[in-house]
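Every heavy atom of this structure was used, including side-chain atoms; hydrogens, water molecules and symmetry mates were not. Since the model is a prediction, treat every value here as computed from it, not as a measurement.
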Amino acid sequence: MAKIKLTKNELKRHKDSLKIFRRYLPTLMLKKQQLQSEIRMAEMRIRELHAERDLLAESFRSWIGVFSETGYFTPDVLKIASLKKGYGNVAGVGMPTFEGAEFEIPAYDLFATPLWLDAAIEKMKQALLLDLEAEVVEEQKKCLEVELRVTTQRVNLFEKIKIPEAQACIKKIQVYLGDQQTAAVVRGKISKGRLEKAEA
C-alpha cells in the first residue's frame, strides 16, 4: 500500500473510491455470470452441432462406397463460395454470428452422372454448414472467454485489493484523526487547567 496522507481530504477521497468500487462490483459480477452462462450455451451448441454432424456421417455410411466410383465425386464438385457472418453483441462483447454460406457447384451433365451425386452434394452441403457454424460458435466462445478473463480479473481486483485497501486506509485515517482530536481535547484541558492555576 502506498503511503497515505492522514488528512480529512484523503479520508473523503478514499470513502468516495470505496463507494465507487462497491457500486461497480455487482455490475461486474453480473457481467461475469452472464459471460459464464453464454460460454456454457456456446459449448452446448458446439456439442449439438457435433452430434448433428455425427448423425449425418452415420447416414453416409450406408452408401459411402459409391464415392469411390471414379470421376464423379471430385474435390471441385462442391466449393464454398462465401461464408456469411454477421456481428452481434452479448454482454458487451462483439462477436461473429453465423448467417449461412453460399456454395459453388459447377455444372455437370445430369444424364452422364449417377443419381446419387445430387444426394451426395446435398449431404456434403449439410455437413459443411454444420462444420462452418461450429467454427463460428467456437470463435464466439473464444471471444467470450477472453472477456470473462478480463472481467474476472476486474472482479478480483475490486474484491481482493481495491475494496480492502480503501477500507484499511479509511480505518487508518479515522484512527489517526480520532487520536488527533483526543489529543487536542487533552491539550485544551491541560491549557485550561494551567490558565486557571495561573489566575488563582
Response to the item:
The complete set of side chain to side chain donor-acceptor pair (under 3.5 Å) pairs with one or both residues in residues 175-188, sequence neighbours excluded, reads Tyr176-Gln180

Worksheet item: Which pairs with one or both residues in residues 131-151 pass ring pair (Phe, Tyr, Trp, His ring centres under 6.0 Å), sequence neighbours excluded?
Response: none

Practice prompt. Could you name each residue pair satisfying ring pair (Phe, Tyr, Trp, His ring centres under 6.0 Å) that touches residues 126-149, not counting sequence neighbours?
Written response: none

Discussion item. What verdict does the side chain to side chain contact (heavy atoms under 4.5 Å, CB included) test give for Gln174 and His14, after you've listed the backbone C-alpha separation in whole Å, the side-chain angles of each residue and the deciding distance to 0.1 Å?
Written reply: CA-CA 11 Å; Gln174 284 175 334; His14 283 291; over 6 Å; no

Who pairs with [X] by salt bridge (Lys or Arg N to Asp or Glu O under 4.0 Å), at least two apart in sequence or on another chain?
X	value
Glu104	none
Lys142	none
Glu99	none

Response to the item:
Across all chains, not counting sequence neighbours, the side-chain contact (heavy atoms from CB on, under 4.5 Å) partners of Lys123 are Leu56, Ser59, Phe60, Trp63, Gln126

Worksheet, complete the sentence: Contacts of Glu135 meeting side-chain contact (heavy atoms from CB on, under 4.5 Å) (sequence neighbours excluded), chain-then-number -> Leu132

Worksheet item: How would you list, by chain and number, every residue that makes a ring pair (Phe, Tyr, Trp, His ring centres under 6.0 Å) with Phe98, sequence neighbours excluded?
Response: none

Item to complete: Dump the intermediate steps for side chain to side chain contact (heavy atoms under 4.5 Å, CB included) on Phe103 and Ile80, then the final yes or no.
Response: CA-CA 5 Å; Phe103 296 96; Ile80 299 168; 3.9 Å; yes

Worksheet entry | Pairs flagged by salt bridge (Lys or Arg N to Asp or Glu O under 4.0 Å) wherever residues 83-92 is involved - sequence neighbours left out | Lys84-Glu102, Lys85-Glu139

Discussion item. Apply side chain to side chain contact (heavy atoms under 4.5 Å, CB included) to residues Met44 and Arg47 and explain how you reach the verdict.
Written reply: CA-CA 5 Å; Met44 281 174 45; Arg47 282 194 297 274; 3.3 Å; yes

Please set out all donor-acceptor pairs under 3.5 angstrom arising from side-chain atoms of residues 149-159, sequence neighbours excluded.
unit_1 : atom_1 : unit_2 : atom_2 : d
Thr151 : OG1    : Glu147 : O      : 2.8
Thr152 : OG1    : Leu148 : O      : 2.7
Asn156 : ND2    : Thr152 : O      : 3.4

Worksheet entry | Closest non-hydrogen atom pair between Lys172 and Leu6, with its separation | CG-CD2, 4.3 Å

Could you list the donor-acceptor pairs under 3.5 angstrom formed between side-chain atoms of residues 17-26 and any protein atom two or more places apart in sequence or on another chain?
unit_1 : atom_1 : unit_2 : atom_2 : d
Ser17  : OG     : Arg13  : O      : 3.1

Worksheet item: Hey, mind stepping through Arg45 and Leu49 against side chain to side chain contact (heavy atoms under 4.5 Å, CB included) and telling me if it holds?
Response: CA-CA 6 Å; Arg45 182 65 186 143; Leu49 290 167; 3.4 Å; yes

Discussion item. In this structure, would Ile163 and Leu30 fall into the same cluster of hydrophobic residues linked by side-chain contacts under 4.5 Å?
Written reply: no

Discussion item. Go through it in stages, so that I can follow the logic: the residues are Glu122 and Lys125, the test is salt bridge (charged side-chain N to carboxylate O under 4.0 Å, His left out), and I'd like the CA-CA distance, side-chain angles, deciding distance and then a yes or no.
Written reply: CA-CA 5 Å; Glu122 264 319 298; Lys125 268 195 212 177; 3.4 Å; yes

